[in-house]
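Small disclaimer: the values here were computed from a predicted structure and weren't measured.
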Amino acid sequence: MENIRQPSEPDRNLAMELVRATEVAALGAARWMGRGQKEAADQAAVDGLRTMLGTVAMDGIVVIGEGEKDEAPMLYIGEQVGNGSDPKVDIAVDPVEGTTLVANGMPNALALVALAERGSMYYPPHIAYMEKIATGPQAAHAIDIERSVTENLERVAKAKHMEVRDLTVVILSRPRHEAIVAEIRKAGARIRFISDGDVAGALMSTIEGTGVDLLLGIGGSPEAVITACALKSIGGNMQCRLWPRNEQEWDVVKEHGMDTRKVLELNDLVSSDNVFFVATGITDGELLSGVRYSEDSVSTESLVMRSKSGTVRRVHAEHRLTKLQQYAAVEFD
């Protein structure tokens, strides 16, 4: 029988509509850059994102909500967004990836939204972290989370026609990574430490021009799913395994019969092949320029992706502050 597309499937590039939402989130958060108030930055981004998502023609449910892990203000899991019309979709949001980065005026803070067909996003209940490895298209076939760090470095170097000593690995600066860091150094590769933001870190490992070849380490579970949505468009690869951090999370693993040894591939994290991802820069970084102000306007830069077409766009926008203040439902001053 001929496979007929269901009318509820996304049939337009929703990412081009979602970018308006991440732009507003970034504009709100950027007013708090360097002011040491990460909760205020997060709340401003949440307010803007929620308002703009409500204008998009979709029936969306937040399946990955910002803030569950650290009790920040959030678009909560189960919240309905959009105007209620088709298509029916899952939404993953992180209004500010890197609230500490914004508060301290540090690089690579992003406003993030990912979207896919209803029921296609994976989210482990109450397991906050995953072990991760990610790289770009050139070495996508080479990574294997079940192999050692050294083996993965050698395989990625071979795939990219490089020496291990020329590779740069991005990794969150955390005590839990001491053994990984020691093995990377012993193998001879270089390390780019980041204080926060492992979605940005994974994207740096997959986009040409950032100088990063591989992401390794343990980071957030929600961020893993958001990253998977981006990598489906870019053509890179990521593998993950659940990483329970305490006795309570091990109890959840046992209660739900989870297998912490199971390798989660991209299709396990998001099964749809029609995925949308948008990121807008809040602070300057390797990936995107941050929000920048002039006398009467403000500029933003965004990455806009759709997996179905494999399209990755960079959107540079100039926003007239007087117009924003006149017509927007959120404050920008």
Side-chain angles (χ1 to χ4, degrees), residues 5 7-29 45 48-66 75 80-97 110-121 136-137 199-200 202-203 206-207 222-236 238 266-267 269-282 287-289 291 299-319:
R5 180 181 58 81
S8 63
E9 294 179 4
D11 60 357
R12 66 186 194 277
N13 192 347
L14 286 164
M16 296 304 294
E17 300 169 51
L18 295 173
V19 71
R20 295 168 57 242
T22 55
E23 286 172 348
V24 170
L27 289 168
L49 192 62
R50 177 180 279 121
T51 298
M52 296 307 295
L53 287 176
T55 70
V56 179
M58 63 181 179
D59 179 1
I61 294 179
V62 177
V63 297
I64 295 176
E66 183 269 352
L75 280 145
Q80 293 185 304
V81 294
N83 68 3
S85 63
D86 281 339
K88 300 182 187 302
V89 294
D90 286 347
I91 303 283
V93 299
D94 197 345
V96 180
E97 195 214 17
L110 305 173
L112 301 170
V113 173
L115 180 152
E117 294 160 281
R118 179 72 53 82
S120 62
M121 286 186 182
V199 175
L203 290 176
T206 60
I207 294 177
E223 289 84 353
V225 179
I226 294 173
T227 301
C229 292
L231 297 194
K232 281 213 162 185
S233 297
I234 297 172
M238 179 173 67
L266 286 182
N267 284 332
L269 297 168
V270 55
S271 59
S272 173
D273 290 320
N274 196 11
V275 178
F276 306 86
F277 171 89
V278 181
T280 299
I282 301 172
L287 289 172
L288 293 165
S289 296
V291 175
S299 66
T300 56
E301 185 182 20
S302 304
L303 282 170
V304 180
M305 307 182 189
R306 185 182 190 182
S307 67
K308 188 175 183 180
S309 61
T311 304
V312 179
R313 292 180 171 91
R314 284 186 181 267
V315 176
H316 298 263
E318 293 288 334
H319 310 268

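When all heavy atoms of Leu303 and Met305 are compared, the closest pair comes out as CD1-CE, 4.1 Å. The minimum heavy-atom distance linking Ala200 with Leu110 is given by the pair CB-CD1, 3.9 Å. Taking all atoms of both residues into account, the shortest heavy-atom contact from Leu53 to Ala21 is CD2-CB, 4.0 Å. In terms of heavy atoms, Pro87 sits closest to Ala57 at CD-O, 3.7 Å. The heavy-atom pair separating Ala116 from Met121 by the smallest distance is N-CE, 3.8 Å. Nearest heavy atom pair, residue Ala15 against residue Val278, reads O-CG2, 3.5 Å.
Ser233 places a side-chain N or O within donor-acceptor distance of the main-chain N or O of Ser307, the cut-off being under 3.5 Å. Proximity of a side-chain donor or acceptor of Glu17 to a complementary backbone N or O of Val56 within less than 3.5 Å is not detected. Judged by distance alone, with hydrogens and angles left aside, the side-chain atoms of Asn83 form no donor-acceptor pair with the main-chain N or O of Gly54 at under 3.5 Å. Proximity of a side-chain donor or acceptor of Asp94 to a complementary backbone N or O of Leu112 within less than 3.5 Å is not detected. Listed for the Glu23 side chain is no donor-acceptor partner under 3.5 Å among the backbone atoms of Thr300. Of the possible polar contacts, one joining the Arg118 side chain to the Asp59 backbone as a donor-acceptor pair under 3.5 Å is found.
Note that OG1 of Thr206 and CG of Leu203 are 5.0 Å apart. Values are rounded to the nearest 0.5 Å. Atoms CG and CZ, on Leu14 and Arg306 in that order, are 7.5 Å from each other to the nearest 0.5 Å. Atom-to-atom distance recorded for Leu269:CG and Met238:CE is 5.0 Å, nearest 0.5 angstrom. For the atom pair Ile234 CD1 and Ile207 CD1, the distance stands at 4.5 Å (nearest 0.5 Å). Atom SG in Cys229 sits 7.5 Å away from atom CD1 in Ile64 (nearest 0.5 Å). Taking CG from Leu18 and OG from Ser302, the interatomic distance works out to 11.0 Å, rounded to the nearest 0.5 Å.
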Full working for side-chain contact (heavy atoms from CB on, under 4.5 Å) between Glu97 and Ile226 = CA-CA 11 Å; Glu97 195 214 17; Ile226 294 173; over 6 Å; no

Given side-chain contact (heavy atoms from CB on, under 4.5 Å), test Arg313 with Met16 step by step and report yes or no.
-> CA-CA 10 Å; Arg313 292 180 171 91; Met16 296 304 294; 4.0 Å; yes

Exercise for the section: Just do the side-chain contact (heavy atoms from CB on, under 4.5 Å) check on Arg50 and Val81 with the steps written out, would you? Expected result: CA-CA 8 Å; Arg50 177 180 279 121; Val81 294; 5.7 Å; no

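The environment of Arg314 atom CZ is dense: over 12 non-hydrogen atoms of other residues, nucleotides or ligands sit within 6.0 angstrom.
Taking the side chain as every heavy atom from C-beta outward, Lys232 and Asn267 approach each other to under 4.5 Å.
Lys308 and Asn13 are not linked by any side-chain donor-acceptor pair at a separation below 3.5 angstrom, with hydrogens and angles left out of the test.
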